[in-house]
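Notes to accompany the following structure.
If you're wondering where the values come from, they're calculated on a predicted model, not measured in any experiment. If you read the sequence from its start, that first residue is 1, and numbering goes on from there.
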Amino acid sequence: MIRLSKNQSLERLNTFGIDVNAKFLGEITYPEDLEDPNIYKHLIDKQFLTIGGGSNILFTKDFEGVVLHNKIMGKEIIADNSSHTEVRFGAGENWHETVLWCLKNNFGGMENLSLIPGSMGAAPIQNIGAYGQELQNIFVELEAFHVEEKRFIKIHKSEMNFGYRSSIFKGSLKNKAIITTVTLKLSKLNHHIKSSYASLANYLKERGINHPSIQDISSAVIAVRQSKLPNPKELGNAGSFFKNPVISVKQFEILLKSFSVIPHYILPDESIKIPAAWLIERTGWKNFRKNNFGTYPKQPLVLVNYGNSSGLEIKNLSLAIIESVKKKFNIELQAEVNIL
Ligand code: EPU
């Protein structure tokens with residue numbers, strides 16, 4: 001059963017640390033809780049929000065409905081052979097703690113995703129990715145409660161429509177289903193070591209680590225992240241606020257006429273990804289701070305709350321950045337963070 005409390009602050013439930021209230025707040029402990037008629041009536045009225053680690057959300061106002069904190073726990077090995085294991089995780093598990101648990105058991109696949117704030121259930125929604133690895137590469141399937149159909153569904157990887165920071169949960173299933181478990185396939189031997197991401201490769205080279213283990217990769221990722229990204233426990237933020245924009249070769253060539261050097265990555269379909277951090281820096285927003293909000297000095301892609309700034313102030317900063325980048329580069333940045 002879910003107990004709902006009235007008019008609760010969400011400050012501790014979002015990594016931006018924005019102090020807004022939820023009309024009702026409750027915790028999901030078991031998937032079956034979602035079928036409880038008292039809860040279901042809010043779900044079917046579409047007045048609900050499920051929150052995991054709260055690390056990809058910017059609240060700009062109070063939430064006039066039910067906020068459900070997903071606390072469904074559990075780690076269960078559901079298939080196992082000499083080379084791989086499949087683990088079904090409760091959606092409420094903390095992401096980084098599951099990474100550490102996998103490392104302890106020598107299960108490979110999550111090491112590059114060390115220290116990403118957030119929960120297991122949120123990971124597939126935006127297909128989390130960092131340092132050369134993406135969730136989709138280890139994803140098997142998930143279980144979710146489909147609100148309109150009032151039943152639990154399984155969604156296999158082939159149905160997830162995974163893309164860069166995107167999945168079916170950002171499209172046709174948006175606000176329609178609540179993820180309860182996530183199953184990942186992890187290696188037990190011959191781990192697929194991914195060490196070519198530039199900052200990772202440099203870190204390992206400097207330390208003379210030529211054949212890194214999954215533990216080495218995790219330590220390197222943790223060190224690189226800590227050197228570039230703010231710890232949300234110390235400074236309110238939600239990681240990258242924007243996605244890295246993807247443009248056509250034609251547009252890239254036009255830009256090259258005005259800007260001789262543009263950092264970029266060529267994607268398999270030949271379109272071109274530009275680091276949003278570079279665009280933000282070049283429009284003068286690096287090291288920006290006003291009152292208690294700004295861009296993080298070491299990584300301007302991250303917007304930060306230095307104190308008790310409001311969600312609206314941060315949203316307005318994001319809009320001003322989008323406008324500057326559009327004006328200077330004719331590129332439309334898109335928020336990665338959900339703005340509510
Ligand atoms: N850059 C600048 N100025 C800066 C910082 C970076 O110009 O101050 C440029 C440089 O050209 C640099 C490039 O941006 O080479 C890329 O920077 P970085 O390696 O830090 O990665 P990113 O593209 O900015 C992405 C993810 C991060 C992820 C890192 C590492 C997105 C939106 N962000 O950032 O994800 O940790 O790669 O893989 O794809 C997140 O999603 O919350 C997140 C932190």
Side-chain angles (χ1 to χ4, degrees), residues 15-16 55-56 58 112 115-117 126 128-132 164-165 196-203 206 220-232 234-267 271-307 309 311-339:
T15 59
F16 258 122
S55 55
N56 204 39
L58 176 68
N112 294 62
L115 217 60
I116 294 185
Q126 59 157 341
I128 58 169
Y131 304 102
Y164 167 58
R165 292 296 195 276
S196 58
Y197 197 91
S199 46
L200 205 54
N202 289 340
Y203 180 94
E206 278 166 18
V221 167
I222 288 173
V224 171
R225 284 190 77 96
Q226 285 176 336
S227 71
K228 287 191 178 172
L229 297 169
N231 177 351
E234 289 158 15
L235 189 57
N237 78 91
S240 303
F241 197 92
F242 304 99
K243 292 192 214 179
N244 284 331
V246 175
I247 61 172
S248 65
V249 179
K250 207 169 141 202
Q251 194 181 355
F252 186 63
E253 280 165 359
I254 295 170
L255 279 175
L256 278 179
K257 288 182 188 149
S258 317
F259 307 91
S260 52
V261 192
I262 306 176
H264 63 282
Y265 314 94
I266 301 168
L267 298 177
S271 56
I272 292 177
K273 193 187 259 187
I274 317 263
W278 184 82
L279 298 168
I280 297 169
E281 186 169 345
R282 292 299 299 254
T283 42
W285 287 103
K286 191 166 171 154
N287 276 320
F288 173 81
R289 175 166 178 175
K290 188 181 164 194
N291 304 331
N292 269 331
F293 60 97
T295 56
Y296 188 59
K298 291 185 211 160
Q299 173 47 292
L301 185 53
V302 178
L303 305 189
V304 291
N305 173 11
Y306 287 100
S309 99
L312 210 52
E313 283 172 313
I314 294 170
K315 180 186 174 187
N316 287 338
L317 169 62
S318 80
L319 294 177
I321 292 173
I322 290 172
E323 199 183 313
S324 302
V325 169
K326 173 83 182 157
K327 216 163 148 193
K328 184 159 182 159
F329 296 99
N330 194 27
I331 292 178
E332 197 120 8
L333 286 184
Q334 277 177 3
E336 195 214 90
V337 167
N338 296 308
I339 303 173

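- Using cut-offs of 30° and 60° for the angle between ring planes, the W278 and F259 rings count as perpendicular.
- Closest heavy-atom contact between F16 and A238: CE1-CB, 3.5 Å.
- Pairing each heavy atom of I262 with each of H264, the nearest pair is O-ND1, 2.7 Å.
- Across all their heavy atoms, L235 and N305 have their closest contact at CD1-O, 3.7 Å.
- Between A220 and L200 the shortest heavy-atom distance is CB-CD1, 3.7 Å.
- With hydrogens and angles disregarded, a donor-acceptor distance shorter than 3.5 Å links the side chain of N244 to the backbone of A276.
- One finds no salt bridge joining K243 and E336 here, because no Lys/Arg side-chain nitrogen approaches an Asp/Glu carboxylate oxygen to under 4.0 Å.
- When all heavy atoms are compared, the tightest approach of P117 to P232 is CG-CG, 4.0 Å.
- Each of N287, V302, I321, V304 was compared with T295 under the side chain to side chain contact (heavy atoms under 4.5 Å, CB included) criterion, and only I321 meets it.
- Annotation: cation-pi geometry not satisfied between R282 and F329 (NZ/CZ under 6.0 angstrom from ring centroid, within 45° of ring axis).
- Taking the six-membered ring where the residue is Trp, Y131 and Y197 present perpendicular rings, their angle passing 60° and hence far from 30°.
- Counting all heavy atoms, side chain and backbone alike, L279 lies closest to P245 at CD1-CG, 3.6 Å.
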